[in-house]
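Here is the structure we will look at, set down as structure tokens.
Note that the structure is a prediction, hence the values are computed from the model and not measured.
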Amino acid sequence: MTGKRPAPSGESRDSKPHKRQKTRDARTIAVQGTGPCRSETIKFTADSLTGLPGSIDVEKFAEARTFEIGAMQTAMQNTRDDSSKRVFQTLPRHLRRRTASHDVRRVPLRLRVKARAEMDPVKKKKKLKALAKRGKGGDIGRTEKLKKRQREKTWLETHIWHAKRMKMENLWGYRLALHPTEKSFRPSHRAAVHGSILQDVSYFGTLEMKGPITLLKKVLSLCCDPQVPCGSSRYTFGGRLCDTHIYQVGAYPFDIIGPCALLWKPDDTSTLAPSGETTIAPSKSDGHRVVWLRCHPGIFDAMHRAIVESTTTIFQKVSSQTSQSYQESEIEIADLRKEINAFEIIGPKANQVLAGALKLTKEAELASRKVWRTLKDLRSTASVPRGMVLGLKVHDPRLSFPPVNEKPSEEKDHPIPAPAFTISPSPDISKSRLWDEAVRDAVRKPKYKKKDLDHRRSKNLVPGTRLRPIQDDNRVDIILIQRTISPSAMVSTATKPHKGSASYSSPNSQPPLHGWTILLPAGWSMPFFSTLTHTGTRVGGIREHQTQHFEASAPHFPRDYVTTLAYEAFWTKRGEEEKAKWERTPKAKRVPYGAIGIRSPWRADWEVVLGIDTSDGGGDGHRGGGGAGDDGGDGEGLIPTQPPQAMEDILHAMLGDGESNDQEEHPRSEEQTTKRETEQSEPIVRPWLLHGHDVQTLLDDMARTETAEESAAILFKRVSTLREKKGLESISTSPEALMKGGLVPVRIRICGRGTPGDLGAIYRNDLTGEDEVKWREEASRAMKGKRKEVWADHGMGDGDDANPLDAAPDPSSIMGYITSGHFSLQLGKGYGLGSVSLPRLVEIMRKDMKEGWKYPCKLVKVRSREGVMCRAACLEINSL
């Protein structure tokens, strides 16, 4: 790049010589010339000054030295003008400091005297009149100030740590962390798959029930999922966690509340048979047992009410049976939300992290110590039986700070990983004193604070060495529960052992994620949390928790649990936020939902999908969106010229009364009346969610039938059998209504490129003949990676006449919605979770069976709410 103007000839562009010359001239004092030099040398002797006068005339002397005096004054002025820089500005760039202009200590020692002279004198502040001192009673401490900030929400014990590093939001009565402030979406996923990631889940509620085991089983059978035998010996012996779902009392399959985990206190009478199965020895009396129910905070109150109602119903039945020996028994229900804290650590390195951070005490059970030594050699928690419970007693984790992760041991001669985990769940290894309320209260407050331990550590001869436990140090009882995130979390007792293991998954499902759930007493969250975070484990929030479920194909509560009240509350709040943001966006920058035929982009209309609401809205079955169609499009601001059907009935009735009483002149009124009476006589259709470990088998049986009535009969028989097994009354709805209101969780895999978004619509395949054959062939190539993209239209999007931006599909062909749609990092392509109508799904499966389609099967169309084009996708059955 050339300069602005050419430099004059003979001149240099470097300014340093000019600046140096300027400084030299400013420091030079002019001297008057003395004329030509004399050749002779002047010699001075001892009597050379004898001729000088004894006094001088000042005026004559000043006049004689006028040049020297003027030169001195000029030099002083030039020096003053040249010294426009302060001392700190004369230093090299690498020695300059921002505070050197007002802090003498930031200037080198050799220049501080001159720098201090350049400083402005410090102005003394004017003293104000001292205010009257307040009494100590009016001043509140830090703890009280923090409690005042928790009036409308509850803080977790790790709140301050999270508030400094994460985005916080008020959810379900708590102040929870949404996600880290740093960019950590992909690193968090990699940590869950290859490393370890930690999350504080202490906001999950725990409900405790105490009473006779017979009554407890009856109470749980009224409100729990009948597909899971939560009262069987598989779970009641206390060595395994039971994952189930809570319903309203006697309402199965309707009115689902949400997922719930049951944990029974280990029973001393339980023993292990030689075959490995757990048996319970008969007792003389019906002993009291304890069971914990853990659930999401959004449904804790609803679960509490359902348990109380179920208990009341059971006691009413018991009171009428005078022969029962447990009439005087009682069931205690306690809220443990402020007594139990919990962490979740997910990833293959979870075993090594826990083994390095936690140290067992000498008082720990021998069986627990044996299991603990085996765990550190496991490459992943997938080898541990699903839901296995392990009770431990550990030292204060702050004593062994900083922690060092354990490494799996390998044989030197044979570098083969350690053998698989061969220990079965048993009461001996699951016992823990954490169940006792007195023990939890005794350790609620740690004996030593962090500063006390640091003071002890400072007295060590070698800095950085760990502290040795002493008699006064705390011993903490904890419970470890094997955690598996997968859609097949519920396993039947009749399932084979290899399928019941934590590593089993269906061929089409994504690999599950494994880890541990740590239960610990209240007051110990920060000692454990600070130690676990120093092991290199990442920390996640609710977003990371949802992503783990999404990548493992497991529905996340509450966003993926359709028909629940928590689902409605979640999407209502999110819809309000998205609508407010959409309204703030200029019309030229936002999606014109009205123009593309979407009336309600903020929530899914399951009533339209199920055929409960048949009102025509001119869109994809979406209900009125409250202004989504204000962007323009066909019919903006126009008034319909045809009155609704109800208005026609009123007009016909008015004309009939005023002109003639002959009913033959108004036959439509009679037809409408008959239709209205028929609709009133039809049973009410109630939405419900079909899930379980054998849903695929049930759907295959229903698809093999010829008519919809036969399919409904099979479904009705299946539901009735489950209700009879739990002692519930016969279902009051008809088979047709039960079939019509069913929703099935599904997985959506895009054929080729494209990513389905949240609230995307799922349509059934309406193609027939050669168009369908060609479409399926292209979709099969895309699923195998031989084709990039497949449009769900007749032309596939590649021909000359093909146009993927054709009109939107028929609204009547909608069969479901996507509740979680995103790009899957595990699959490397678009992926989604959603729900579809049960009758429409059975129709698709019946069609595929008749025509012999095997792969890809159950092809559907997926349309994003931001566009009109549809993409081909493969639909797979999912489970909760």
Side-chain angles (χ1 to χ4, degrees), residues 125 127-182 198-206 297 335-343 357 394-403 437 439-459 467 470 472-476 478 518-535 537 539-542:
K125 296 183 179 180
K127 292 184 178 182
L128 301 176
K129 187 177 181 180
L131 299 176
K133 295 183 178 180
R134 295 182 300 175
K136 293 184 178 180
D139 189 13
I140 61 176
R142 180 174 180 268
T143 303
E144 297 298 328
K145 292 180 180 179
L146 296 180
K147 287 183 177 181
K148 289 179 62 178
R149 297 167 58 182
Q150 304 180 42
R151 291 177 179 177
E152 298 180 356
K153 68 271 186 185
T154 302
W155 287 2
L156 303 182
E157 294 182 9
T158 58
H159 169 79
I160 296 180
W161 191 97
H162 284 91
K164 296 177 180 179
R165 300 165 178 86
M166 296 195 175
K167 170 67 176 177
M168 309 296 290
E169 186 175 342
N170 296 336
L171 293 172
W172 310 300
Y174 292 89
R175 186 71 174 175
L176 302 179
L178 294 182
H179 56 82
T181 54
E182 63 177 356
L198 179 69
Q199 184 188 7
D200 188 355
V201 292
S202 301
Y203 56 89
F204 272 66
T206 304
D335 184 0
L336 303 184
R337 282 182 291 185
K338 295 184 179 180
E339 298 187 21
I340 301 295
N341 293 338
F343 294 150
V394 299
H395 289 289
D396 187 343
R398 297 174 296 177
L399 299 178
S400 58
F401 188 88
E437 182 180 0
V439 175
R440 296 195 299 266
D441 294 339
V443 297
R444 182 177 292 271
K445 186 176 181 181
K447 293 182 180 179
Y448 298 100
K449 296 182 179 180
K450 183 178 180 298
K451 65 176 183 179
D452 300 330
L453 298 178
D454 291 341
H455 180 68
R456 285 173 51 184
R457 192 175 288 107
S458 64
K459 295 182 179 180
L467 295 176
I470 60 178
D472 293 339
D473 288 334
N474 289 107
R475 273 76 171 172
V476 187
I478 64 173
I518 311 172
L519 302 183
L520 58 151
W524 284 90
S525 287
M526 278 309 301
F528 279 81
F529 192 81
S530 59
T531 303
L532 292 174
T533 53
H534 276 77
T535 59
T537 302
V539 181
I542 295 179

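The local environment of NZ in Lys447 is crowded, with over 12 non-hydrogen atoms from other residues, nucleotides or ligands closer than 6.0 Å.
Formation of a donor-acceptor pair under 3.5 Å by the Lys153 side chain with backbone atoms of Arg149 is found in this model. Looking at Asp335, its side chain does come within 3.5 Å of a backbone N or O of Arg337 through a donor-acceptor pair. Listed for the Arg165 side chain is no donor-acceptor partner under 3.5 Å among the backbone atoms of Ala163. One N or O on the side chain of Glu157 and one on the backbone of Gly523 form a donor-acceptor pair closer than 3.5 Å. Distance alone, capped at 3.5 Å, places no donor-acceptor pair between the Thr535 side chain and the Thr531 backbone.
Scanning all heavy atoms of the two residues, the minimum distance from Leu467 to Leu453 falls at CD1-O, 3.6 Å. The two atoms that bring His159 and Arg175 nearest to each other are CE1-CG, 3.3 Å, heavy atoms only. Shown here for Pro446 and Arg398, the closest heavy-atom pair between the two residues is CB-NH2, 3.7 Å. Across all non-hydrogen atoms, the minimal contact from Pro397 to Pro527 is CG-O, 3.6 Å. Here the shortest heavy-atom pairing between Ala177 and Met166 reads CB-SD, 3.4 Å. In this structure, Trp172 and Ile542 approach most closely via the heavy-atom pair CZ3-CD1, 4.0 Å.
Taking the six-membered ring where tryptophan is involved, the planes of Trp524 and Phe528 are perpendicular, since the angle between them exceeds 60° and thus also 30°. Classified by interplanar angle (parallel below 30°, tilted 30° to 60°, perpendicular above 60°), the ring pair His162/Phe529 is tilted.
Between Leu171 atom CG and Leu178 atom CG the span is 6.0 Å, to the nearest 0.5 Å. Separation of atoms CG (Leu532) and CG (Leu198) is listed at 5.5 Å; rounding is to 0.5 Å. To the nearest 0.5 angstrom, Asn341 atom CG is 3.5 Å from Ser525 atom OG. With values rounded to the nearest 0.5 angstrom, Ile478 atom CD1 is found 10.5 Å from Phe343 atom CZ.
Looking at residues two or more places apart in sequence or on another chain, you find a ring pair (Phe, Tyr, Trp, His ring centres under 6.0 Å) between His534 and Phe401. When the ring pair (Phe, Tyr, Trp, His ring centres under 6.0 Å) test is applied to Tyr174, no partner is found at least two apart in sequence or on another chain. For Arg457, the side-chain hydrogen bond (donor to acceptor under 3.5 Å, both in side chains) criterion is met by Asp454, not counting sequence neighbours.
At a threshold of 4.5 Å between non-hydrogen side-chain atoms, the residues Val539 and Pro180 do not count as touching. Between Glu437 and Leu336 there is no side-chain heavy-atom pair separated by less than 4.5 Å.
Figure legend: cation-pi geometry between Arg456 and Tyr448, with NZ or CZ positioned under 6.0 Å from the six-membered ring centre and within 45° of its axis.
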Test salt bridge (charged side-chain N to carboxylate O under 4.0 Å, His left out) on Lys449 and Asp452 and set out the steps.
CA-CA 5 Å; Lys449 296 182 179 180; Asp452 300 330; over 6 Å; no
